[in-house]
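So the structure is just underneath, and the comments pick up after that.
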Amino acid sequence: MQPNRVLSGMRPTGALHLGHYHGVLKNWVKLQHEYECFFFVADWHALTTHYDEPGIIERNVWDMVIDWLAAGVDPGQATLFIQSRVPEHAELHVLLSMVTPLSWLERVPSYKDQQEKLADKDLATYGFLGYPLLQSADILIYRANRVPVGEDQVPHIEFSREIARRFNHVFGKEAGFEGKAESAIKKLGAKRARLYRQLRTKYLEKGDTDALAAARALVGEAQNIPLGDRERLFGYIEGGGKVILVEPEALLTEASRMPGLDGQKMSKSYSNTISLRETADEVAKKIRIMPTDPARVKRSDPGEPEKCPVWQLHLVYSDENRKQWVQKGCRSAGIGCLECKQPVIDAVLEEQEPMRERAQQYLDDPALVRSIIADGCEKARKLAQETLREVKQAMGLSYV
Ligand code: TRP
Ligand code: SF4
């Protein structure tokens, strides 16, 4: 059990744009240096809402992986894989479903919200109801304890915590737990065993949560402890049963409201996006034809940046000096709109330059992308199988 393992997924439903870059990918690139990271293509999750147009998913899977790589996600640092290539997710999903109350699924806010929002789709399906449980399986199967997501996904992480807790409660009990835990402590070695006991007592008798965290870290770092014993040691700190599934925490990604070409939030559904690997000419053209403050009909008409979507982009890309230049120049009609847009064009192009370069290498050699994913799937699968073995044993499914 790794002390800090990060996992996140993305649904392959369209080309990624600057909104994804500023809102998600930049964060992944940062996290990959700080944690052991797993990033995956959530193709089954995409099917829950796009089952009637599977071509979209197929077209976007590889492009999305290339977008990740282009953005700087480094397969040398992070493990990249495709959900459906690790069928253990589905097996855990079905096993967890045995102890998942229907009412828990029905009250997840996205269930009703999305049905209303995507009213043109029939989402009264078993698969869509189970969306958060499949997501729980994605997370729990790697015992990931940190899940970088946006605000909208927090209820899903909360749901995953409840499922892990319920699973451990129902299946973590075993005959002779206490005795087994005591002999597991001995495997820590004399020094660690003493420390474990001290920390456990501090937590159990005084409710000291620092001691709880320290004891967990101690177990997390201990070498050569069999998995079953590790689970006992984790559970025994708090007095309960085995901790087979780890409760994850949301690593809330700061909301980035990347403005689109029309000033609304950048989103495929508003057709106001600049995609990650858009050509330089396309980027320049899209920004040149962006609407500006409607008051500036003629070059000599003054305007107000606050009424102009280009200003929103300056807020993302410009330093204080340049923002001053825009404010003054716009209000006094000292600069023209094309002049005002040029630094934004330059900034976007500069940001995208390394992305285009990195992407090209993978476009030229698709086999490279396939092999990155094959390696990632293999690594992910090994871990997933390990957890699943424990889960099946706890559920009485490891017949010999
Ligand atoms: N539901 C997530 C989204 O729409 C995607 C996702 C699927 C995910 N499984 C996950 C995110 C596991 C984090 C962890 O953004
Ligand atoms: Fe917008 Fe800049 Fe034109 Fe002002 S000068 S209206 S901020 S594009």
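Indexing begins at 1, ligand by ligand and atom by atom, following the structure's order.
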Is the closest basic N to carboxylate O distance between [X] and [Y] below 4.0 Å?
X      : Y      : result
Arg232 : Glu174 : yes
Glu231 : Lys180 : no
Lys112 : Glu106 : no
Glu278 : Lys285 : no
Lys392 : Glu91  : yes
Lys307 : Glu304 : yes

*Within 6.0 angstrom of Arg85 CZ, more than 12 heavy atoms from elsewhere*: no

Tabulation required: pairs of a nitrogen or oxygen in ligand 1 and a protein nitrogen or oxygen under 3.5 Å; columns are atom names and distance to 0.1 Å; otherwise 'none'.
unit_1: ligand 1; atom_1: 1 (N); unit_2: Tyr131; atom_2: OH; d: 2.7
unit_1: ligand 1; atom_1: 1 (N); unit_2: Gln135; atom_2: OE1; d: 3.1
unit_1: ligand 1; atom_1: 1 (N); unit_2: Gln153; atom_2: OE1; d: 2.9
unit_1: ligand 1; atom_1: 4 (O); unit_2: Tyr131; atom_2: OH; d: 3.1
unit_1: ligand 1; atom_1: 9 (N); unit_2: Asp138; atom_2: OD2; d: 2.7

_Cation-pi geometry met for Arg11 and Trp44 (6.0 Å, 45°)_ = no

*asked:* Is there a side-chain contact between Lys268 and Thr13 in this structure, where contact means two heavy atoms from C-beta onward sitting under 4.5 Å apart?
replied: yes

_Protein N/O/S neighbour count - atom 2 (Fe) of ligand 2, strictly under 2.8 Å_ = 1

